[in-house]
Amino acid sequence: MGYRICLIEGDGIGHEVVPAARAVLEATGLPLEFVEAEAGWETFERRGTSVPEETVEKILSCHATLFGAATSPTRKVPGFFGAIRYLRRRLDLYANVRPAKSRPIPNSRPGVDLVIVRENTEGLYVEQERRYLDVAIADAVISKKASERIGRVALRIAEGRTRKTLHIAHKANVLPLTQGLFLDTVREAAKDFPLVNVQDIIVDNCAMQLVMRPERFDVIVTTNLLGDILSDLTAGLVGGLGLAPSANIGDTTAVFEPVHGSAPDIAGQGIANPTAAILSAAMMLDYLGEKEAARKVERAVDLALEEGPLTPDLGGSATTKAFTEAVIRALGRV
Ligand SMILES: NC(=O)c1ccc[n+]([C@@H]2O[C@H](COP(=O)([O-])OP(=O)(O)OC[C@H]3O[C@@H](n4cnc5c(N)ncnc54)[C@H](O)[C@@H]3O)[C@@H](O)[C@H]2O)c1
Ligand SMILES: O=C(O)CC[C@H](C(=O)O)[C@@H](O)C(=O)O
């Protein structure tokens, strides 16, 4: 039996990096069947909704989904909602797992091998904002249930790694009710994981320590917006957004996507780095139980990064297509 994979390109460079990742997936030789679905800003403009119901149905009919990126305007547009944010909440994809690993390129910091585990359903992402004349208010929701389940995901990941260390990154010193509930709940869950060395860290110090000494971190668990920001920081440590993969995982399905967005500044030029999408596809293979194929794809990416040619974000002049072909050639040698 094969795997049904839902592909959602989205907007901008999503149209370039998802086909690249698909080509690499096809080159693994695994029995994969692809189902295409649409979501994002272009979909909203065409159909009046950024996530048509049939897209949700297609995702649910597949074993896993690979998502590119979707554009969200910074102004309020009536009827619009952010596609990936909607899918995370609609499908209860509560764990956003974002690894950052050193890669064999000059602008990647050596010695980094960490995972950010970002709570993916609440915090400030409940998107409850109100405006009263010149004052605007946003709600941040933290629940014991969501904090406990994301805490347990992070603790299980930490338990399975060599260093077995978990940092809980929080701002409970300023927000003791919301951030404090998150911190206390994860600490409580940690009692069931005696092998994991659990430490608290205030998020601003965590950001500084990540820049100064990233090699000391193993797994970091944090709330939604803090994880959003920290995971772009860790992407920057290892070579940039073009290299950072992620997984949105729930109990019934999972959506894999590069950490980056639609990159309007380079979209349509065929020069986007497909590595983040390809590594997200590797995370998807791992989720599907195809561990060996996942490891091979990751090794092929590292070989291609080592040997080049590199895309412009990494200082080269290769196209998306040329780099993808290099990864596919490398797949034959790993
Ligand atoms: N998951 C998502 O769908 C998602 C994630 C982030 C941002 N966004 C949306 O994307 C749009 C653009 O946001 P942004 O500019 O802040 O972030 P972005 O990630 O799209 O781009 C940030 C910078 O990184 C570069 N970059 C990103 N990915 C790259 C790649 N694969 N190869 C080479 N360079 C790459 C871009 O050229 C840009 O200079 C916004 O509308 C935002 O809402 C969506
Ligand atoms: O632009 C959007 O609608 C979502 C962007 C998205 C987020 O979680 O905020 C992105 O920054 C990410 O880290 O996945």
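These numbers come from a predicted model, not from an experiment. All ligand and atom numbering here is 1-based and tracks the order in the structure.
The nearest protein atom to atom 8 (N) of ligand 1, hydrogens excluded, is given as Gly261 CA, 3.4 Å; this is a heavy-atom distance. Closest to atom 35 (C) of ligand 1, if we only count protein heavy atoms, is Ile266 CD1, 4.1 Å. Of the protein's non-hydrogen atoms, the one nearest atom 26 (N) of ligand 1 is Ala263 CB, 4.2 Å. For atom 3 (O) of ligand 1, the nearest protein heavy atom (residue, atom name, distance) is Ala70 N, 2.9 Å.
In this pair, Phe80 and Phe44 present their aromatic rings perpendicular. The plane angle is above 60°, beyond the 30 to 60° band.
For an aromatic pair to be called close, the ring centres must be under 6.0 Å apart, and Phe182 with His170 fails this.
Within the 4.0 Å heavy-atom criterion, neither part of Ile271 lies near ligand 1. Here Glu127 has no heavy atoms under 4.0 Å from ligand 2, in either its backbone or its side chain.
Using a 4.0 Å cut-off to heavy atoms of Ile84, the atoms of ligand 1 that qualify are 1 (N), 2 (C), 3 (O). Each of the atoms 7 (C), 8 (O), 12 (C), 14 (O) of ligand 2 lies under 4.0 Å from some heavy atom of Arg88. When each atom of ligand 1 is checked for a heavy atom of Phe67 under 4.0 Å away, the hits are 3 (O). Heavy-atom contacts of Ala69 reach the following atoms of ligand 1: 3 (O) (cutoff under 4.0 Å). In the vicinity of Pro264, heavy-atom distances shorter than 4.0 Å reach the ligand 1 atoms 12 (C). Counting the atoms of ligand 1 from 1 in the order shown, those under 4.0 Å from a heavy atom of Asp265 are 36 (C), 37 (O), 38 (C), 39 (O). Atoms of ligand 2 found under 4.0 Å from any heavy atom of Arg118, numbered from 1 in the order shown, are 7 (C), 8 (O), 12 (C), 13 (O), 14 (O). Residue Gly242 approaches ligand 1 through these ligand atoms, each under 4.0 Å from one of its heavy atoms: 30 (C), 31 (N). Close approach of ligand 1 to Ile13 is summarised as follows: ligand atoms under 4.0 Å from at least one heavy atom of the residue are 28 (N), 29 (C), 30 (C), 31 (N).
With atom 27 (C) of ligand 1 as the reference point, the heavy atom nearest to it among His260, Arg88, Glu257 is part of His260. With Ser72, Gly240, Ala244 as candidates, the residue nearest to atom 42 (C) of ligand 1 on a non-hydrogen basis is Ser72.
A salt bridge between Arg333 and Glu307 is present, with a side-chain N of the basic residue lying under 4.0 Å from a carboxylate O of the acidic one. Salt bridge status for Asp192 with Arg152: present, with a side-chain N to carboxylate O gap under 4.0 Å. Between Arg22 and Glu26 there is a salt bridge, with a side-chain nitrogen of the basic residue lying less than 4.0 Å from a carboxylate oxygen of the acidic one.
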Item to complete: Show your working on ring-ring contact (aromatic ring centres under 6.0 Å, His included) between Phe256 and Phe67 and close with a plain yes or no.
Response: CA-CA 6 Å; Phe256 298 80; Phe67 183 95; over 10 Å; no
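Between the side chains of Gln179 and Thr223, at least one donor-acceptor pair of N or O atoms lies under 3.5 Å.
No donor-acceptor distance shorter than 3.5 angstrom exists from the side chain of Asn248 to the backbone of Arg88, with no hydrogens or angles considered.
Put simply, atom 7 (C) of ligand 2 has protein non-hydrogen atoms near it, under 4.0 Å away. Atom 13 (O) of ligand 1 is not flagged as protein-proximal [any protein heavy atom, distance under 4.0 Å].
Both tests pass for Arg118 against the ring of Tyr125: distance under 6.0 Å to the centre and angle within 45° of the axis.
Ligand 2 has no nitrogen or oxygen under 3.5 angstrom from a nitrogen or oxygen of Asp232.
Residue contacts with ligand 1: Asp11 is excluded, as none of its non-hydrogen atoms falls under 4.0 Å.
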